[in-house]
Amino acid sequence: MLTKKAKLRIFLLSIVLVLSAAIIFLTLKSLRENLVYFLSPSEIHESKDISFEKKIRIGGLVKEDSIKKKGTSINFIITDLKNEIFVSYKGLVPNLFSENKGVVAEGKLSDKKYFIADKILAKHDENYMPPEVSDALEKSNY
Amino acid sequence: MFKNFFPNQILLLKNKTINNLIFFLILIFIIGIIYSIFLSPPDYIQGDSVRIMYVHVPSSFIALICFGSIGVMSIINFIFKIKFLPLIAKSLAPAGFIFTLISIVTGSLWGKPTWGVWWVWDARLTSMFILLIFYLAYIFSWIFIKDFSKANKISSIIAIIGLFNLPIIKFSVNWWNTLHQPSSITLTSSPTIHYSMMIPLLLMFCAMTIYLLIIFLMKYKTEVMKIKINKKNNYK
């Protein structure tokens, strides 16, 4: 059914496609550090050459009962349930910023456990439901 | 069914068919909008801003499917040299581009009230931006290269390279830390969107698919007509 020419073209194309897939895969793998939007507290904890000068982003969950507001400044803890980092920030936070929800903070580390943020972003998850359903779910958990 | 897409068949396409499709589009779109804005509930965290999802998610999905089809058709055409496939691929591109743009704009409008920013260069948003550039490059290569076979070659190369970007878009939220949330609708598990929110989502998806079909059919017919006219002029 296939002509010789078509077979040759399939052969050529598959070689090119496999090669490019391999190249793209390797490039993405080596670029991983630049492709992640934020680091988790554990990644900060484990890394040896973390910069205290450069702006970085850390992300995770806002720990329960950790938000402390004082005027316009706000302190809280970002956790990935293994490691934690204290964050201090001055300014407005997005509406969705709350305890037990995702957050991304942009700023500088002052040491491995303490982060001074100049921007707070809220990260939300993939669950969407009406308030009544969420209430019902919460009730059934207790 | 496949035969309906043959170039001579598309010329038989009547305005009446298009008008009927437009009627369906308006009907489903109105029901979809009413559901999206009035009948569906607000989200438990996001409130009313979740309604942007009903435009954002279907248009992103269609943008990806559209480019995927263009890429696959380019591959098949490269191997088997089927003359009308490039015309079909070419006709899908403008609508696909528009849906990519809608996805990015609505995503940005959604980002501000939820994340707190209009735009970030995380892996999902960046790869979606790259898709927009691939669409532009594909469309421009058809516009600016006058010779058909040359334009076909170059646009096919662009589409086939762009094909690699699609899994990157799809899985970017799983492979890397992104600000964008992971997919709610996956093949492997049940959707994490409540069914009352799935109804407007599916309605809007249907409306947008019909829109895509209308634009595609009209564009494809025009392209085939252009070829026929060119041929006639060459014989004179």
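Lettering of chains follows the sequences in order, A, B, ..., and the numbering in each one begins at 1.
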Name every donor-acceptor pair, under 3.5 Å, that has one atom in a side chain of residues 164-172 of chain B and the other anywhere in the protein, sequence neighbours excluded.
from	atom 1	to	atom 2	distance (Å)
N165(B)	ND2	S127(B)	O	3.1
K170(B)	NZ	S183(B)	OG	3.4
S172(B)	OG	R124(B)	NE	3.4
S172(B)	OG	I168(B)	O	3.4
S172(B)	OG	I169(B)	O	2.8

Most contacts with chain B, counted as non-hydrogen pairs under 4.5 angstrom, among [options]:
options                         : answer
K123(A), R32(A), K7(A), H124(A) : H124(A)
L12(A), V36(A), L39(A)          : V36(A)
L28(A), V16(A), N95(A)          : L28(A)

Taking side chain as everything from C-beta outward and backbone as N, CA, C, O, which of these in [X] sits under 4.5 Å from a heavy atom of chain B? Side chain, backbone, both or neither.
X       : value
E43(A)  : side chain
K101(A) : side chain
L17(A)  : both
P131(A) : both
K119(A) : side chain
I24(A)  : side chain

May I ask you to check whether F97(A) and W115(B) place their ring centres under 6.0 Å from each other?
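Here the rings of F97(A) and W115(B) have centres that are no less than 6.0 Å from each other.
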If you measure from NE2 on H45(A) to CD on E84(A), what distance do you get to the nearest 0.5 Å?
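Those atoms lie 11.5 Å apart.
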Y44(B) and E138(A) side chains, donor-acceptor separation under 3.5 Å:
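Distance-only check fails for E138(A) and Y44(B).
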Taking A63(B)'s backbone N and O only, do any of them form a donor-acceptor pair with Y135(B)'s side chain (distance below 3.5 Å, no angle check)?
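It does hold such a pair.
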Please answer whether the main-chain N or O of F78(B) pairs with a side-chain N or O of R9(A) as donor and acceptor at a distance below 3.5 Å.
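Yes, R9(A) side chain to F78(B) backbone: donor-acceptor pair under 3.5 Å.
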Which region of T114(B), side chain (C-beta onward) or backbone (N, CA, C, O), has a non-hydrogen atom less than 4.5 Å from a non-hydrogen atom of chain A, or is it both or neither?
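Contact with chain A is through both the backbone and side chain of T114(B).
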